[in-house]
Student: 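My questions all concern the structure below.
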Amino acid sequence: MPRACRRPGLCAALTTGVLSVAALSVTAAPGHGAAPAVGFEMPFPCAQSWTGTTRSGHSPSARAIDWNRADDDGMPVVASAPGVVATAVPGGTRGYGRYVVVEHADGAQTYYAHLSAVSVVKGQSVDQGALLGRVGTTGNSSGPHLHYEQRAGGSVAEPWFHGARFVMGSTQASQNCVDVPVAGNFLGDTTAELVVYRRAERATFEIQRPGTAPKVLRFGTATDQPVVGDWDGDGRLNPGVRSPATATFSLRMPSGLQQVVLGAAADVPVAGDWDGDGRWEVGVRRAVDGVFRLRAPDGALTDVPLGDLGDLPVTGDWDGDGDTDLGVYDVASATFTLRRVDDDGVAWLAQVAFGSGDDLPVTGDWDANGRTDLGVWDPTSATFTLRQAPEPTAARADTSSVSFGRSR
Ligand SMILES: [Ca+2]
Ligand SMILES: [Ca+2]
Ligand SMILES: [Ca+2]
Ligand SMILES: [Ca+2]
């Protein structure tokens with residue numbers, strides 16, 4: 001029952017069969033110090049140390065944390081857990097100032113206030129560790145810091161991080177160190193490899209090689225968004241990242257680095273060979289309206305609306321014609337919607353139910369038949385589940401599971 005184990009303290013007790021008094025107290029008295037149902041991490045990139053304090057009369061609750069560290073003005077603020085942006089106020093001047101609220105499972109919420117910049121928009125899905133904004137001193141604030149709350153049932157709850165109750169006044173290193181699932185043919189053998197992007201100050205792409213250690217490519221930072229593609233058209237994927245703050249793609253090739261500025265901070269990067277010439281291009285799925293904006297090599301832009309605001313974008317060549325197609329994944333219903341365009345230019349949509357729970361989508365040609373297949377990655381168990389069929393939209397399919405990456 002891995003999905004129930006999102007509270008490391010309790011899970012450890014359950015797996016050893018010894019339910020200690022401390023573990024029992026975890027389940028008692030909801031709202032009065034009970035462990036949250038969501039496994040929250042600190043709202044800062046992996047390994048950063050921050051000091052959290054409160055005071056009597058802290059509005060709206062002494063359970064709210066003011067986070068500080070040296071030179072903290074402008075430092076990145078990231079999501080404590082996956083969720084949907086419930087509120088994003090990029091221009092606030094009173095109270096919380098510029099702030100973000102993320103809604104998680106079971107109606108739990110996290111608040112991030114007094115920001116200098118907001119990088120997300122209402123309605124979009126954010127993954128754990130995703131950039132939400134920058135530390136600032138907007139609104140009712142006397143100096144740069146992050147005002148942070150965990151709420152349950154609308155009330156400010158006692159904050160917990162990494163399965164432990166937070167001790168006010170303590171300095172802790174963020175364990176918001178997450179893998180992001182990626183896949184694609186990096187090694188040139190025509191089948192797609194399983195890959196994770198390991199968020200860190202010096203991030204890495206970890207490429208699975210069965211029977212031997214993963215191939216590790218160092219590229220990107222903790223708050224970059226991974227985006228991979230065959231930028232030089234040699235048949236193998238290359239790493240890439242997009243910096244949300246500057247909306248800049250950095251695409252790495254053996255010959256050097258290509259940079260492309262596209263979209264707004266909140267947009268999600270995508271990549272594919274839109275024109276089928278063997279070299280991949282980039283695009284974004286716009287967070288404000290869910291429209292894909294695809295960039296041609298000459299800079300021309302094509303807009304394709306697809307899916308709902310909170311859906312996650314996927315790309316792949318579903319019909320095997322050489323042109324990359326678009327799709328979206330609805331996490332709540334665990335359903336892919338795949339779009340292809342026929343020879344007459346008519347767009348067709350097909351839905352495929354696959355995955356469950358908090359799974360994140362991945363796509364890759366697992367069987368090397370030229371058609372991109374579907375898959376999901378379960379962050380709780382760090383397991384890829386791959387769907388294999390002659391065509392990704394076929395009703396019948398085989399599935400296989402592979403553990404790869406670090407569980408959250
Ligand atoms: Ca390449
Ligand atoms: Ca191309
Ligand atoms: Ca296609
Ligand atoms: Ca395939």
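In this chain, numbering begins with 1 at the start of the sequence shown. One-based numbering, in listed order, for ligands and for the atoms of each. The figures here come from the full heavy-atom set of this structure, side chains too, leaving out hydrogens, waters and symmetry mates. Since this is a predicted model, take the numbers as computed values, not measurements.
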Student: When you measure from the Ca ion (ligand 1) to the N, O or S atoms of M253, does any of those distances fall below 3.0 Å?
Tutor: no

Student: Go through the side-chain N and O atoms of T204 and Y197 and say whether any donor and acceptor fall under 3.5 Å apart.
Tutor: no

Student: Using modelled atom types and a 3.5 Å cut-off, is there a donor and acceptor pairing between side-chain atoms of R98 and backbone atoms of T137?
Tutor: no

Student: Can a side-chain donor-acceptor contact be found between S250 and Q259 if the only test is distance below 3.5 angstrom?
Tutor: yes

Student: What do you get for the angle at the Ca ion (ligand 2) between O on R279 and OD1 on D273, to the nearest 10 degrees?
Tutor: 90°

Student: Going by atom types alone, do T337 and Q351 pair a side-chain donor with an acceptor below 3.5 Å?
Tutor: yes

Student: Between H104 and T110, is any side-chain donor less than 3.5 angstrom from a side-chain acceptor?
Tutor: yes

Student: Testing the 3.5 Å rule here: is there a donor-acceptor pair between the side chains of W50 and Q48?
Tutor: yes

Student: Does any N, O or S atom of R371, backbone or side chain, fall under 3.0 Å from the Ca ion (ligand 4)?
Tutor: yes

Student: What is the name of the N/O/S atom in D277 that sits closest to the Ca ion (ligand 2)?
Tutor: OD1

Student: The Ca ion (ligand 4) and Q388: any N/O/S contact shorter than 3.0 Å?
Tutor: no

Student: Angle at the Ca ion (ligand 4): provide the value between OD2 of D373 and OD1 of N369, rounding to 10 degrees.
Tutor: 170°

Student: To the nearest 10 degrees, calculate the angle at the Ca ion (ligand 4) involving OD1 of D367 and OD1 of D365.
Tutor: 80°

Student: Of all the N, O or S atoms in D230, which one sits nearest to the Ca ion (ligand 1)?
Tutor: OD1

Student: Could you pull out the atom name of the N/O/S atom in D234 that is nearest the Ca ion (ligand 1)?
Tutor: OD1

Student: Inspect the surroundings of CG in D343 and state if more than 12 heavy atoms from other residues, nucleotides or ligands are less than 6.0 Å away.
Tutor: no

Student: Counting backbone and side-chain atoms alike, is an N, O or S atom of R236 positioned under 3.0 Å from the Ca ion (ligand 1)?
Tutor: yes

Student: To check your reading of the site, what angle at the Ca ion (ligand 2) do OE2 of E281 and OD1 of D275 form, to 10°?
Tutor: 110°

Student: In this structure, are over 12 heavy atoms from other groups packed under 6.0 Å from D342 atom CG?
Tutor: yes

